[in-house]
Every structure is written in C-alpha cells, then in structure tokens.
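Here is the structure we will look at.
Remember, predicted model here, so these are calculated numbers, not experimental data.
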Amino acid sequence: MKQQDIFNKASAHLMGMDGPSLDDRGDSCMYRGEGGAMCAVGVFISDEHYFTDMEGGGIDGSNMRAREAVALSWGQDCLDAPQLDLLTDLQMAHDKTSRDDVESIKWRDGIVAALDGVATKFHLRFDPNEVSA
C-alpha cells in the first residue's frame, strides 16, 4: 500500500471518530476498542487477522503480531520500512491525542493537528476539509 493511501485511509478514519479507541476502562489505547472502535493501525487489520493478544504493544516495538496482521491484511508478506514508519507515526498520533481530553470537539482538533504533523513529516497531502470517511 502506498504512503498517501495509508495516510488518507487512516486520517479519514480518525477524523470520523468521536474519540480514541480505548479499552473498557478508558485508559489504554487499543487496536480494537470498546464499541468496535479501531485505532489508526487497527483500521488496517482485517477481522481474519485480528487477535486480542496483539493488544498492548505498539507496531514499532516487539509487537510482531500487529505488523504481521497488517501485512497479511494487505496481501503482503511483511511491511516495508516506509510503511512501518508511517504506521508508527499514525499510531502515535492516535495514542498521544487519546491522552488529551477526549471530548468530541477537542478530539477532532487534536487529531487534525497530529495528522498535520504526520503529513508534514512524510511529505503527504492533507486538507482536513477534504477528508471523508
């Protein structure tokens, strides 16, 4: 999957959410959280490749299960370095924003700012007014 396509899907997904994907206590980010919510990486994991034991670790760390799940969901053997770098930053955008007040309006403002930073870093196009879920 190409960088811009990854970013477009993740940003549309995150901006369409009322808040972050969290566990049932509301204190930990999840690939798949309460009420079917999915984080910026979780949205790329198909049902057949999702397992609860992949929760609890970032895609950039030792969480090979999450990396493999995304790659397999995309029909790849593994993620390439640019894909992994972008997914890592998208996950961080979700997770850092989730630590803020998750009121819907504040979530949207925070996630737009975080996504703008990711887009700038990776030289991607981003216009929050043109994003659609």
For the pair F126 and V131, evaluate side chain to side chain contact (heavy atoms under 4.5 Å, CB included) and give the outcome as yes or no after the intermediate values.
-> CA-CA 8 Å; F126 179 56; V131 172; 3.8 Å; yes
May I ask you to check whether over 12 heavy atoms, not counting those of M92, lie within 6.0 Å of atom CE?
-> no
With sequence neighbours left out, which residue pairs that include part of residues 65-80 fulfil the side chain to side chain donor-acceptor pair (under 3.5 Å) condition?
-> S46-S73, D53-R65, Q76-Q83
Does any N or O in the side chain of S21 come within less than 3.5 Å of the main-chain N or O of G33, such that one atom is a donor and the other an acceptor?
-> yes
So do F44 and M38 actually touch side chain to side chain, heavy atoms under 4.5 Å?
-> no
L124 CG to I6 CD1 distance, which is reported to the nearest 0.5 Å | 9.0 Å
Are the charged groups of R32 and D47 less than 4.0 angstrom apart, N to O?
-> yes
Is it true that a side-chain atom of H94 and a backbone atom of D89 form a donor plus acceptor pair closer than 3.5 Å?
-> no
Looking at CG of L115 and CE of M15, how far apart are the two atoms once the value is rounded to the nearest 0.5 Å?
-> 7.0 Å
Provide the closest heavy-atom pair for T97 versus I111 in the form atom of the first, atom of the second, distance.
-> CG2-N, 3.7 Å
Heavy-atom closest pair (I45 atom, A69 atom, distance to 0.1 Å) is CG2-CB, 3.8 Å
To the nearest 0.5 angstrom, please state how far the NE2 atom of H123 sits from the NZ atom of K121.
-> 10.0 Å
Between Q91 and I59, is there a donor-acceptor pair closer than 3.5 Å when you use the side chain of the first and the backbone of the second?
-> yes
W107 side chain to M17 backbone, donor-acceptor under 3.5 Å = yes
Cluster check L72, M54: I/L/V/M/F/W/Y, side chain < 4.5 angstrom = no
What pairs with K9 under salt bridge (Lys or Arg N to Asp or Glu O under 4.0 Å), at least two apart in sequence or on another chain?
-> none
Decide side chain to side chain contact (heavy atoms under 4.5 Å, CB included) for S98 and C29; before the verdict, give the C-alpha distance in whole Å, the side-chain angles of both, and the deciding distance to 0.1 Å.
-> CA-CA 7 Å; S98 72; C29 293; 3.0 Å; yes
Taking all non-hydrogen atoms of both residues, which atom of G58 and which atom of N63 are closest, and how far apart?
-> O-CB, 3.2 Å
Does some side-chain heavy atom of M30 sit less than 4.5 Å from a side-chain heavy atom of C39?
-> no
For side chain to side chain contact (heavy atoms under 4.5 Å, CB included), just list the numbers for V41 and L90, CA-CA rounded to whole Å, side-chain angles, deciding distance to a tenth of an Å, and then say yes or no.
-> CA-CA 7 Å; V41 173; L90 288 167; 5.6 Å; no
Is the F7-F122 ring centre distance short of 6.0 angstrom?
-> no
Working to the nearest 0.5 Å, report the span between CG of D85 and CD of Q3.
-> 8.0 Å
Side chains of Q4 and N8: do they bring a donor and an acceptor to under 3.5 Å?
-> yes
Expected output: side-chain Y31 to main-chain G57 donor-acceptor under 3.5 Å | yes
